There are 2 protein chains.
Amino acid sequence: MTNKLSDKTVGRLSLYRRLLNNLARSGVKYLFSHDLAAESGATAAQVRRDVMAVGYSGSPTKGYEIAELAASIARFLDGECSQSVALIGVGNLGRAILAYFSGRRPNLAIVAAFDRDEHRVNRVIHGCRCYPVDVLQEKVAEVGIRTAIIAVPAGEAQTVADRLVRSGVRGILNFAPTHLRVPPNVFVQEIDITTSLEKVAFFARQ
Amino acid sequence: MTNKLSDKTVGRLSLYRRLLNNLARSGVKYLFSHDLAAESGATAAQVRRDVMAVGYSGSPTKGYEIAELAASIARFLDGECSQSVALIGVGNLGRAILAYFSGRRPNLAIVAAFDRDEHRVNRVIHGCRCYPVDVLQEKVAEVGIRTAIIAVPAGEAQTVADRLVRSGVRGILNFAPTHLRVPPNVFVQEIDITTSLEKVAFFARQ
DNA sequence: TAGATTGTTAATCGATTAACAATC
DNA sequence: TAGATTGTTAATCGATTAACAATC
């Protein structure tokens with residue numbers, strides 16, 4: 001179960017699950033690899049390999065049973081118990097992230113937010129309690145948080161990351177436009193909106 | 001100049017430029033490939049290859065002249081004239097994006113935002129005029145916008161993308177959790193925050 | 001000069017794609 | 001059965017890494 005799975009495969013599985021849940025809601029029972037491929041942007045062969053990786057099998061005539069496949073992916077992606085997430089930085093982007101995840105994923109909820117600005121702390125934003133950043137390490141260690149989202153300005157991101165890692169965080173989603181230096185046992189996913197937009201603008205011009 | 005450059009290379013170049021500009025501001029004049037590598041998370045060999053791609057040359061003893069290299073990258077990434085960007089969806093995320101880019105990049109500015117909700121339109125948010133989505137095609141074609149950001153709910157993203165493409169847009173930054181189907185001459189960069197967070201949570205548990 | 005770095009090619013690696021026997 | 005799809009392996013592709021002569 002704790003296989004070595006590539007970054008990309010895990011990303012695709014997460015996407016498949018969401019698509020499958022949507023389809024299940026609309027009453028569809030089965031689909032073929034090429035259906036899921038068309039929905040997700042992957043290829044049918046990728047879907048088949050990814051499905052294989054989670055240990056689920058389909059039928060050559062009926063395809064995959066949607067509910068079963070979704071359940072297999074869930075078993076694979078989600079841990080035994082639900083995971084708590086911390087958010088650091090409650091500016092425009094941080095608040096958008098809070099709003100976005102508010103009550104959406106019960107297994108993966110942002111349970112604590114932190115900010116340096118005292119006007120933003122000691123209140124509840126989109127259902128999430130905001131604390132001063134001074135209590136970051138204490139709080140993260142206390143709750144046993146292992147996943148964090150960094151949405152602070154570039155200059156503060158590395159300091160925040162260091163403190164997170166010291167408190168036991170093992171995965172960071174980093175929106176700050178800075179490459180974070182972390183130990184090899186910590187997974188970092190960088191989302192650099194400026195770079196993404198510049199890429200789009202570049203290829204739009206070609 | 002209009003070379004076939006990979007997605008990843010363009011992304012790294014965009015990041016290098018930002019790092020170089022920061023260094024230039026702090027008064028540094030030269031750096032070596034491994035310095036830029038350490039800052040960006042790339043390898044020194046990647047930096048050398050990327051620099052080669054933009055047609056700039058360094059010196060084995062001094063390294064790269066920061067200002068010159070930044071200028072070469074800028075010539076390469078930016079077009080002749082500045083590019084206008086449209087934003088569709090002025091919800092929490094859309095407003096965060098507006099705030100983020102507001103006045104930051106003169107060459108790549110969000111000049112028009114669109115939303116379906118009439119409470120959000122016909123006003124200026126973070127310096128950007130918001131229009132009803134009905135005038136999207138008209139406005140995009142009129143201004144000659146070729147780059148757009150989609151920040152609408154998943155269900156509306158494909159419709160919006162179709163209309164954008166019909167109006168002449170050739171690059172889309174898509175925050176909606178939907179795989180967009182577009183013609184092959186349109187570049188799409190998907191930023192799926194939910195998938196990214198699930199990936200981080202998954203690897204944090206390993 | 002000696003030494004480190006550059007520009008650039010060759011070797012490696014990993015992921016994607018093609019292919020096909022097994023299956024229902 | 002005939003036919004399409006599955007599970008899975010082999011071939012392909014592209015990007016990363018290693019290597020090294022040329023350079024200052």
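Labels below follow one simple rule: chain letters A, B, ... track the order of the sequence lines, proteins then strands, and each chain is numbered from 1. Owing to the predicted nature of the structure, the values given are computational and were not obtained by experimental measurement.
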Distance in angstrom units between [X] [atom1] and [N] [atom2], rounded:
X	N	atom1	atom2	value
B:R48	D:dA19	CZ	P	13 Å
B:E65	C:dT6	CD	P	14 Å
A:Q46	D:dT12	CD	C1'	14 Å
A:L31	D:dT6	CG	P	9 Å
B:Y64	C:dG7	OH	C1'	8 Å
A:Y30	D:dA4	OH	C1'	17 Å
A:L69	D:dT6	CG	P	11 Å
A:H34	C:dT17	NE2	C1'	18 Å

*asked:* Heavy atoms only, 4.0 Å cut-off, all strands: where does B:T9 land among base, sugar-phosphate and nothing?
replied: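 Since no nucleic acid heavy atom lies under 4.0 Å of B:T9, the category is nothing.
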*asked:* Does A:K62 reach a base, just sugar-phosphate, or nothing at all? Heavy atoms under 4.0 Å.
replied: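 Here A:K62 touches no strand at all.
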Just compare [options] and give me whichever is closest to any side-chain atom of [X].
X	options	value
A:P60	C:dG7, D:dA15, D:dT5	D:dT5
B:S59	D:dT5, C:dG7, D:dC24	D:dC24
A:M52	D:dC20, D:dT8, C:dA4	D:dT8
B:S33	D:dT6, D:dT17, C:dT6	C:dT6

*asked:* Here's one to test your reading of the geometry: is the NZ or CZ of B:R104 within 45 degrees of the ring axis of B:Y100 and under 6.0 Å from its centre?
replied: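 Yes, cation above the ring, under 6.0 Å and within 45°.
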*If you pin A:R49 and A:T61 to their nearest nucleotides in DNA chain D, which one's is more 5'?*
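Checking each residue's closest nucleotide, the 5'-ward one belongs to A:T61.
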*Mind checking who D:dT12 pairs with, Watson-Crick or G-U wobble, both distances under 3.5 Å?*
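By the stated definition (distances under 3.5 Å), C:dA15 pairs with D:dT12.
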_With a 3.5 Å limit on both atom pairs, tell me what C:dA22 is paired to, counting Watson-Crick and G-U wobble, or say none._
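D:dT5 - that is the nucleotide pairing with C:dA22, both distances being under 3.5 Å.
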*asked:* Is the phosphate of C:dT16 approached by A:R12 (side-chain N or O, under 4.0 Å from OP1 or OP2)?
replied: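 Yes, A:R12 has a side-chain N/O under 4.0 Å of OP1/OP2 on C:dT16.
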*Return no unless some side-chain N or O of B:S57 is found under 4.0 Å from OP1 or OP2 of C:dG7.*
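It does, given that an N or O in the side chain of B:S57 lies less than 4.0 Å from OP1 or OP2 of C:dG7.
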*Position toward the 5' end of DNA chain C (nearest nucleotide), B:A45 or A:S6*: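 Per heavy-atom nearest nucleotide, the more 5' residue is B:A45.
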*Parallel, tilted or perpendicular: which fits the ring planes of B:Y64 and B:Y56, with parallel below 30° and perpendicular above 60°?*
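Correct class here is tilted.
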*Taking atom types as modelled, is there a side-chain donor on A:S72 or A:R75 under 3.5 Å from an acceptor on the other?*
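Result is yes, a qualifying pair exists.
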*Mind listing the closest non-hydrogen atom pair of B:A151 and B:F175 along with its distance?*
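Heavy atoms only, the tightest pair is CA-CB, 4.4 Å.
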*For residues B:G11 and A:T195, report the shortest heavy-atom separation together with the two atoms involved.*
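Result for this residue pair: O-CG2, 3.5 Å.
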